[in-house]
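Quick notes on the structure that follows.
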Protein chains: 2
Amino acid sequence: MARKPATLDPQRLDNQICFAVYSAAHAFNRVYKPLLDRLGLTYPQYLVMLVLWERDDLPVKEIGEKLFLDSGTLTPLLKRLEAAHLLKRTRSREDERQVLIALTPQGHALKEKARSVPQSILAASKCAVSELVAMKDEIVALRDRLNAVIGE
Amino acid sequence: MARKPATLDPQRLDNQICFAVYSAAHAFNRVYKPLLDRLGLTYPQYLVMLVLWERDDLPVKEIGEKLFLDSGTLTPLLKRLEAAHLLKRTRSREDERQVLIALTPQGHALKEKARSVPQSILAASKCAVSELVAMKDEIVALRDRLNAVIGE
DNA sequence: GCAGATTCAATTGCGAACAATTAAATGTGA
DNA sequence: TCACATTTAATTGTTCGCAATTGAATCTGC
């Protein structure tokens with residue numbers, strides 16, 4: 001049984017892209033934390049707000065599709081954002097199964113306060129924008145291939 | 001106020017590398033799930049086992065440093081792995097503050113059963129190994145820069 | 001040797017994340 | 001029309017992830 005050199009052993013933690021992604025996600029979270037604390041948001045809540053700042057009045061389902069999250073995650077999260085007066089949840093009148101999510105004036109206003117966040121993250125990454133964009137595109141392509149496999 | 005084109009707006013979800021990483025981590029998790037179910041492990045538990053398969057008899061602290069996790073996460077997770085008879089937790093005799101984690105025979109044996117996991121992930125990623133290695137190195141470098149900023 | 005600081009694991013409390021199930025509304029085919 | 005399937009959100013239960021705190025063991029300077 002030929003022993004592989006450590007740098008090629010696929011069962012080693014440091015050789016796994018998945019752990020790289022997993023640990024990078026946590027590192028991002030820790031950088032975001034103090035920035036989002038000032039807005040009173042957690043990172044997943046911030047993601048929901050980003051979606052709503054682009055387009056308002058969406059059903060829960062559609063927010064879930066954009067963020068790859070299901071109602072088990074979103075329902076309580078949206079209730080917390082509603083309790084913080086950032087959005088309102090209303091049953092659709094055309095289709096009573098849907099709950100539509102609409103920003104309150106405070107929810108809209110928060111977009112301005114959040115404007116500096118991406119720049120702070122960029123600074124922390126100590127990386128050229130062009131490099132980050134290239135990396136992002138690669139990671140998104142990988143994610144989409146993985147998600148395609150799940151659907152099989 | 002010059003409106004940026006959508007492809008450059010840093011406040012757009014699709015332009016954020018962080019969301020790419022966040023959603024890729026979840027996609028990986030979903031691909032791992034059925035593979036790890038057969039081993040009776042969750043993904044974070046699998047990470048701990050990877051660490052211990054490389055080196056046994058580690059204090060909780062050291063496992064935490066390798067995985068970027070703290071005792072609040074690890075203590076209950078390790079207790080569950082102990083309940084599954086995969087490892088044993090023992091207070092160090094030289095330093096009673098430390099708890100040493102050692103694999104049981106079953107814990108060691110699981111390494112063989114887990115050997116095929118990385119290959120299945122590789123297949124799901126539909127990507128050349130060389131490309132994945134390059135991506136992994138970039139992501140690790142980014143992660144380490146982010147973690148360096150946090151320590152400031 | 002001893003007071004005070006530091007280290008380490010455990011605990012508590014809260015917010016994700018997701019599987020599985022439930023209940024209500026809507027759609028579909030005969 | 002009516003039985004049956006599908007869609008949508010909510011709910012329940014388990015596991016992470018982390019901040020903050022606790023308590024015990026160890027280290028440090030004097």
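Keep in mind that what you see is a predicted model, and the values were worked out from it rather than measured.
DNA chain D is contacted by both B:Asp70 and B:Glu96; B:Asp70 maps to the nucleotide lying nearer its 5′ end (nearest heavy atom per residue).
Using bins of under 30°, 30° to 60° and over 60° for the plane-to-plane angle, the ring pair A:Tyr46/A:Trp53 lands in the perpendicular bin.
For the pair A:Phe19 CZ and D:dC16 P, the computed distance is 15 Å after rounding to whole Å. D:dA19 atom P lies 17 Å from atom OH of A:Tyr32, rounded to whole Å. The CG atom of B:Leu67 sits 9 Å away from the P atom of D:dG17 (whole-angstrom rounding). In this structure, A:Tyr22 atom OH and C:dA16 atom C1' are separated by 13 Å, rounded to whole Å. Remark: C1' of C:dA16 and CG of A:Leu47 are 12 Å apart, rounded to the nearest angstrom. Separating the CZ atom of A:Phe28 from the C1' atom of D:dC18 is a distance of 19 Å, rounded to the nearest angstrom. In this structure, NZ of A:Lys33 is placed 11 Å from C1' of C:dG15, rounded to the nearest angstrom. A:His26 places its NE2 atom 8 Å from the C1' atom of D:dC16, with the value rounded to the nearest Å.
Of the charged side-chain nitrogens involved, none lies within less than 4.0 Å of a carboxylate oxygen, so that B:Glu82 and B:Lys88 do not count as a salt-bridged pair. A salt bridge between B:Arg55 and B:Glu62 is present, with a side-chain N of the basic residue lying under 4.0 Å from a carboxylate O of the acidic one.
Side-chain contact between A:Val48 and A:Leu41 is absent, with no heavy atoms from C-beta onward closer than 4.5 Å.
In this structure, OG in B:Ser116 is found 7.0 Å from CZ in B:Arg38, a value given to the nearest 0.5 Å.
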Original post:
Where along nucleotides 2-15 of chain D does protein come under 4.0 Å, by heavy atom, of base (B) or sugar-phosphate alone (S), with - for untouched nucleotides?
Top reply: -----BSBBB---S

Subject >> Chi angles and distances behind the ring pair (Phe, Tyr, Trp, His ring centres under 6.0 Å) call for A:Tyr43, B:Tyr22 >> reply: CA-CA 10 Å; A:Tyr43 182 67; B:Tyr22 168 90; 5.4 Å; yes

